[in-house]
Amino acid sequence: MPIQRRPAGPVEEQLSIIGTLLALPFPERETRTEAPRGWGGPGFHIAVLRQSRDFWDPPGPEAFTEAEEELEAALKELVTALTGRLGEPGTVDLFPYLGIYDDTGNADEPAEPLDLAPDLDAVPEPLASLRNLAGSLHVWPVPSAGRWLGVTVGQADREFPYELLAAVGEAATLPRGAARVTPAPGSRPSPAPAAPASPGSAPRTAR
């Protein structure tokens, strides 16, 4: 996973990065992408929009709480901005994709992953990567791009920073039940975030 050197900045910059992910062609092999702080592969992109400090030498337990709360607040702000554009998000529970929890969250019983083939090695990206970082994902289908967008807060391990993550996947990999998106109350969804077109990039998408 590439390391983010500095935060992405305000929500407007995060939306610009998301627009890049939605327009950017998927790489033929897993690699870093043109999107800042991003990596991807066949059928997916993932980008780190913001991150906390690391915890190799934390001053105390409160450091974890403060960092997590800060990133969760940033996630809430981003979800609010995206909801105004794309409507209410769906939710994907990522724990079943680990194959160690059933749908009741009881780790002592055999797992029954939802919307998956029995072979957990067949979990598509970006869900295969995100399941190791986060517990759930806010998602929006973006039909005009033939893709879906997800955002979450994750952490690779206890010593690593909390990260605000954006992911884009092919429409076919969006789990069943997560595609029910309705307009935000009192608002009309506006075009999906879009980045300026650049030579060799995919055309900008619009709703």
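The structure presented is a predicted model; accordingly, all values stated were derived computationally and were not measured. Excluded from the calculations below are hydrogen atoms, water molecules and symmetry mates; all remaining heavy atoms, backbone and side chain alike, are included.
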Original post:
Going through the distances and angles, do Leu21 and Ile46 end up as a side-chain contact (heavy atoms from CB on, under 4.5 Å)?
Top reply: CA-CA 8 Å; Leu21 297 181; Ile46 298 176; over 6 Å; no
**OP:** For the pair Leu24 and Val168, evaluate side-chain contact (heavy atoms from CB on, under 4.5 Å) and give the outcome as yes or no after the intermediate values.
**Re:** CA-CA 10 Å; Leu24 196 65; Val168 169; over 6 Å; no
Subject >> Residue pair Trp39, Thr31: steps toward the side-chain hydrogen bond (donor to acceptor under 3.5 Å, both in side chains) verdict >> reply: CA-CA 5 Å; Trp39 73 102; Thr31 183; over 6 Å; no
**OP:** Take Tyr97 and Val92 through the test side-chain contact (heavy atoms from CB on, under 4.5 Å) and record every step on the way to the result.
**Re:** CA-CA 10 Å; Tyr97 291 86; Val92 173; 4.1 Å; yes
**OP:** Run the numbers on Leu137 and Asp93 for side-chain contact (heavy atoms from CB on, under 4.5 Å), then give the verdict.
**Re:** CA-CA 7 Å; Leu137 185 67; Asp93 181 5; over 6 Å; no
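The number of heavy-atom neighbours closer than 6.0 Å to CD of Glu28, taken from other residues, nucleotides and ligands shown, is 12 or below.
Atom CG of Asp54 is separated from atom CD of Glu159 by 9.5 Å, given to the nearest 0.5 angstrom. Here CD of Glu66 is found 11.0 Å from OG of Ser52. Values are rounded to the nearest 0.5 Å. Atoms CH2 and CD, on Trp140 and Glu88 in that order, are 9.0 Å from each other to the nearest 0.5 Å. Atoms CZ and CD, on Arg131 and Glu125 in that order, are 8.0 Å from each other to the nearest 0.5 Å.
Residue Leu22 comes nearest to Ala145 through the heavy atom pair O-CB, 4.1 Å, listed as atom of the first residue, atom of the second, then distance. Val153 approaches Leu71 most closely through the heavy-atom pair CG2-O, 3.5 Å. Here the closest non-hydrogen pair linking Ala166 and Leu49 is CB-CD1, 3.8 Å. Closest of all the heavy-atom pairs between Trp148 and Leu127 is CH2-CD2, 4.0 Å. Shortest non-hydrogen contact noted between Ala47 and Ile17 is CB-CG2, 4.1 Å. In terms of heavy atoms, Leu174 sits closest to Pro141 at CD2-CB, 4.1 Å.
Using a 4.5 Å heavy-atom threshold, the side chains of Leu75 and Val151 count as touching.
Between Phe160 and Trp56, the angle of the ring planes goes over 60°, which puts this pair in the perpendicular group of the 30/60° scheme.
Side-chain atoms of Ser129 never come within 3.5 Å of backbone atoms of Pro126 as a donor-acceptor pair (strictly under, hydrogens ignored). When atom types are taken as modelled, the side chain of Thr152 and the backbone of Leu165 share no donor-acceptor pair closer than 3.5 angstrom. Remark: the backbone N or O of Leu82 is not paired with any side-chain donor or acceptor of Arg85 at under 3.5 angstrom. Of the possible polar contacts, none joining the His45 side chain to the Gly169 backbone as a donor-acceptor pair under 3.5 Å is found.
A cation-pi arrangement is present between Arg147 and Phe26, with the terminal nitrogen or guanidinium carbon under 6.0 Å from the aromatic centre and inside a 45° cone about the axis.
For the side-chain hydrogen bond (donor to acceptor under 3.5 Å, both in side chains) with Arg50, the lone residue among Gln14, Glu70, Glu13 that qualifies is Glu70.
In summary, the aromatic rings of Phe64 and Phe55 are positioned with their centroids under 6.0 Å apart.
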